[in-house]
Amino acid sequence: MLAALIAATLAPATPGADDPLTRPIAVEQAKDWLRPAPPVRVFGNTWLVGFGGLSVALIDTGDGLILIDGALPQAEPAILANVRKLGFDPRRIRYILSTEPHFDHAGGLAALVRDTGATVVASARGAEGLRSGRLAADDPQVGYGSRFPPVPAVRTIRDGDTLRLGQTIVTAHATPGHTTGSMSWSWRACERGTCKTIVFASSLNPVSTDDYRYTAHPGIVAALRRGQATMAALPCDRLITAHADQDGATDRFRTAPGACRAYARASAAKLDRRLREERTR
């Protein structure tokens with residue numbers, strides 16, 4: 001199966017045929033995650049081309065496009081359709097930045113690479129998961145056993161490194177905990193002489209299978225604390241969260257002052273609550 005999925009990345013899908021790279025992953029949340037939503041401008045050269053429950057961002061750098069995240073495998077056609085609605089050619093997508101190697105954010109990457117020729121960029125640990133198409137042994141959600149189409153070629157980037165394309169410089173920020181390799185991304189966007197810093201934040205939720213105990217994994221807890229601290233310290237005029245409906249949000253991105261700090265505080269409160277609950281079991 002793995003060999004077939006990798007081979008499928010080398011040629012476009014035949015219309016009407018079963019496509020292993022966009023074959024739906026049937027999960028209860030998929031209908032909510034993939035609620036149709038029109039493309040929307042975040043600020044300046046940045047748009048959202050994803051869904052009501054899962055975010056996918058598009059940046060026009062002036063010398064090619066950058067996409068962030070790929071949602072579920074079955075979401076790929078809708079993502080590309082939204083890119084076209086904005087008047088862009090998907091073949092101008094040069095890079096796809098990955099927040100985490102989970103099927104709900106990385107499932108569509110293999111199909112997007114095949115159909116655009118883009119290069120996927122992720123943290124070193126994130127790249128391991130993308131190449132294998134499965135969760136790492138130290139992932140709190142590994143018990144779910146989730147699989148997704150693997151991405152054979154991934155460019156790695158380190159915390160604090162930058163990716164430059166055209167007029168845009170994107171900075172990578174390690175925000176571990178939800179997965180060890182989780183990465184958030186930030187860049188400046190300008191509009192009529194005003195510039196804003198936009199952050200696309202990885203998930204910071206302390207979620208897992210029921211049998212997983214964070215109290216038994218102090219390294220994962222410490223990683224989450226580091227991720228929360230990093231998020232709280234980021235310059236942040238516009239916040240996009242990987243799950244658009246994170247923490248009960250109804251807007252697809254947040255403009256309130258201190259949005260990144262609030263996101264970090266909400267994650268810390270969830271982690272504290274989870275640890276308290278585990279200690280009383």
Quick one: closest heavy-atom pair of [X] and [Y], and the distance?
X: P101; Y: A106; result: CA-CB, 4.2 Å
X: R91; Y: D115; result: CG-O, 4.4 Å
X: G50; Y: R252; result: O-NH2, 3.6 Å
X: H105; Y: A242; result: CE1-CB, 3.6 Å
X: Y263; Y: S202; result: OH-O, 2.7 Å
X: D63; Y: L165; result: O-CD1, 3.5 Å

How many angstroms lie between atom [atom1] of [X] and atom [atom2] of [Y], to the nearest 0.5 angstrom?
X: F88; Y: W47; atom1: CZ; atom2: CH2; value: 4.0 Å
X: L112; Y: I79; atom1: CG; atom2: CD1; value: 5.0 Å
X: L239; Y: Q246; atom1: CG; atom2: CD; value: 9.5 Å
X: L224; Y: L271; atom1: CG; atom2: CG; value: 5.5 Å
X: T230; Y: R225; atom1: OG1; atom2: CZ; value: 13.5 Å
X: D32; Y: F51; atom1: CG; atom2: CZ; value: 12.5 Å

**OP:** Take R226 and D159 through the side-chain contact (heavy atoms from CB on, under 4.5 Å) test and state the conclusion after the steps.
**Re:** CA-CA 12 Å; R226 291 196 302 274; D159 178 34; over 6 Å; no

A quick test of your reading: do over 12 heavy atoms of other residues, nucleotides or ligands sit less than 6.0 Å from [atom1] of [X]?
X: R41; atom1: CZ; result: yes
X: R281; atom1: CZ; result: yes
X: E191; atom1: CD; result: yes

Please tell me whether [X] and [Y] have a donor and an acceptor in their side chains that are separated by less than 3.5 angstrom.
X: H173; Y: S186; answer: yes
X: D104; Y: H243; answer: yes
X: S203; Y: N205; answer: no
X: T46; Y: R238; answer: no

Under a single-linkage definition using a 4.5 Å side-chain heavy-atom cutoff for Ile, Leu, Val, Met, Phe, Trp and Tyr, are [X] and [Y] assigned to the same hydrophobic cluster?
X: V199; Y: V121; value: no
X: L163; Y: I68; value: yes
X: V83; Y: I96; value: yes

Subject >> Residue pairs passing the salt bridge (Lys or Arg N to Asp or Glu O under 4.0 Å) test where at least one lies in residues 149-158, sequence neighbours excluded >> reply: R158-D161

Tell me if a side-chain donor or acceptor on [X] pairs with a main-chain N or O of [Y] at a distance below 3.5 Å.
X: D139; Y: Q141; value: yes
X: D251; Y: F253; value: no
X: E76; Y: L109; value: no

**OP:** Evaluate the criterion side-chain contact (heavy atoms from CB on, under 4.5 Å) for residue pair H102 and L135; output intermediate values, then yes/no.
**Re:** CA-CA 7 Å; H102 277 179; L135 304 186; 3.2 Å; yes

Subject >> Carboxylate-amine/guanidinium contact R125 E128, below 4.0 Å >> reply: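 Result for this pair is yes, salt bridge flagged.
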
Original post:
Should the pair D19-R114 be classified as a salt bridge under the 4.0 Å nitrogen-to-oxygen rule?
Top reply: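 The answer is yes: the pair qualifies as a salt bridge.
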
**OP:** Determine the sole option in S123, S182, P176 for which the side-chain contact (heavy atoms from CB on, under 4.5 Å) test with E100 is passed.
**Re:** S182

Subject >> Test applied, side-chain contact (heavy atoms from CB on, under 4.5 Å); reference residue, L65; option that passes from I59, I93, T116 >> reply: I93

Original post:
Would R164 and I169 satisfy side-chain contact (heavy atoms from CB on, under 4.5 Å), going step by step from the backbone distance to the final call?
Top reply: CA-CA 4 Å; R164 181 189 294 268; I169 300 173; 3.3 Å; yes

Original post:
How are the rings of F103 and W33 set to each other: parallel, tilted or perpendicular (split at 30° and 60°)?
Top reply: tilted

**OP:** For side-chain contact (heavy atoms from CB on, under 4.5 Å), just list the numbers for K85 and V49, CA-CA rounded to whole Å, side-chain angles, deciding distance to a tenth of an Å, and then say yes or no.
**Re:** CA-CA 9 Å; K85 285 178 184 177; V49 292; over 6 Å; no

Original post:
After noting the C-alpha distance and the side-chain angles of R188 and T197, does the key distance pass the side-chain hydrogen bond (donor to acceptor under 3.5 Å, both in side chains) rule?
Top reply: CA-CA 4 Å; R188 296 278 283 173; T197 298; 3.1 Å; yes

**OP:** Take R274 and S208 through the side-chain hydrogen bond (donor to acceptor under 3.5 Å, both in side chains) test and state the conclusion after the steps.
**Re:** CA-CA 11 Å; R274 175 67 183 262; S208 69; 2.8 Å; yes

